[in-house]
Amino acid sequence: MTAPAVLVTVLFVAVGWHSTEDRLAGLGWGLLAAVFASAIPFAFIVGGVRRGRLTDHHVGVRQQRRTPLLFGLVSVAIGLVLMVVLGAPRPVLALVVTGAIGLVVGVTVGHRWKLSIHTAVAAAAAVIVVLVFGPVLFVAWPVLGLVGWSRIRLGAHTIAQVVAGGVVGGLVAGVVFVAALR
C-alpha cells in the first residue's frame, strides 16, 4: 500500500477529486494524471522486468535506472501538456510538476547515494495532503515512520538514507507544490 506507485496514484485521485466542485470531473483529472505519472511509467518498468532488461520493479541496479527515468519523465511531460491544453485544475497540475521535479531530484541524488525513494514519496504525500486537505491530516504522518522503519527492517536502506529521503521528499513537495499553485 505504501509503494511509491500506489501512493502517487492515490494522491492524484484524492487531489483531483478535491480540486474542483464537480467531484466526478476532478476524479477524472486525478485519474488522467495518475495514468501518465504512475501507471504508464510503472507498466514500462514491469515490462522491462518481464523482458529481462531490468532486474526488479524497484530498479535496484543503478545502471538500469536511466531508461525508465527518461521514459517516466517523457510520459509525465506528455501528460502535463495534455492536461494544460485540456484545462486541468491547478492543484492537479501542481502535483504533476511536483512529482516530476521530485523524481529528478531523487534520482539525481540516487546516482551518488542510495536515497530512500519510498520514504521520499511518503514524505511528499504527507506534506501535500496537509497542504491540500488541511492540518487535520497531520494524523497521517505516523505512516511515514512506518515506511521508513520497513525500509530499514527489510535491509533496503540505512537510517541515514531513510531520513534523507524523508527530508528531501518533504522539502521538494512543500516548496514545489506551493510554488506551482501560484
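The figures here come from the full heavy-atom set of this structure, side chains too, leaving out hydrogens, waters and symmetry mates. Positions are given from 1, in the same order as the sequence printed here.
Taken to the nearest 0.5 Å, the CG atom of Leu95 stands 9.0 Å off from the CE atom of Met83. Rounded to the nearest 0.5 Å, atoms CG (Leu146) and OG1 (Thr119) are 11.0 Å apart. Remark: Thr20 OG1 to Arg90 CZ distance equals 15.0 Å, nearest 0.5 Å.
The shortest side-chain heavy-atom distance between Phe12 and Val35 does not fall under the 4.5 Å cut-off. Residues Val104 and Thr108 are in side-chain contact: their nearest non-hydrogen atoms beyond the backbone lie under 4.5 Å apart. Side-chain contact between Thr158 and Ile152: absent, with no pair of heavy atoms (C-beta onward) separated by less than 4.5 Å. Side-chain atoms of Pro91 and His18, non-hydrogen and from C-beta on, never get closer than 4.5 Å to each other. The shortest side-chain heavy-atom distance between Val49 and Thr55 does not fall under the 4.5 Å cut-off. Residues Leu115 and Gln161 fail the side-chain proximity criterion, which asks for heavy atoms closer than 4.5 Å. With a 4.5 Å cut-off on side-chain heavy atoms, Leu70 and Arg66 count as touching.
Taking the six-membered ring for Trp and thresholds of 30 and 60 degrees, Phe44 and Phe71 have nearly parallel ring planes, at less than 30 degrees apart.
Among all heavy-atom pairs drawn from His157 and Lys114, the shortest one is ND1-O, 3.4 Å. Smallest separation of non-hydrogen atoms from Pro89 and Ser19: CG-OG, 3.3 Å. Closest of all the heavy-atom pairs between Val92 and Trp29 is CG1-O, 4.0 Å. Contact detail for Ala126 and Trp141: the closest heavy-atom pair is O-NE1, 3.0 Å. Nearest heavy atoms, Ala33 versus Val96: CB-CG2, 3.9 Å. Gly166 and Ala123 make their closest contact through O-CB, 3.2 Å (heavy atoms, listed as atom of the first residue, atom of the second, distance).
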Are Leu103 and Leu73 close enough, and set up right, to give a side chain to side chain contact (heavy atoms under 4.5 Å, CB included), and what steps lead you there?
CA-CA 8 Å; Leu103 181 62; Leu73 288 174; 4.1 Å; yes
Quick one, Leu131 with Phe177, criterion side chain to side chain contact (heavy atoms under 4.5 Å, CB included). Give me CA distance, side-chain angles, the key distance, then yes/no.
CA-CA 9 Å; Leu131 291 171; Phe177 187 75; 3.9 Å; yes
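Hydrophobic clustering, with ILVMFWY side chains joined whenever heavy atoms are under 4.5 angstrom apart, keeps Leu171 apart from Ile117. Cluster membership for Val109 and Val172, using ILVMFWY side-chain heavy atoms within less than 4.5 angstrom, is shared.
A search for side chain to side chain donor-acceptor pair (under 3.5 Å) contacts involving Thr9 returns Ser38, not counting sequence neighbours.
No side-chain donor-acceptor contact under 3.5 Å links Arg151 to the backbone of Ala156.
In this structure, Leu24 places its CG atom where only 12 or fewer heavy-atom neighbours from other residues, nucleotides or ligands lie under 6.0 Å away. The neighbour count for Leu82 CG, taken as heavy atoms of other residues, nucleotides or ligands under 6.0 Å away, is above 12.
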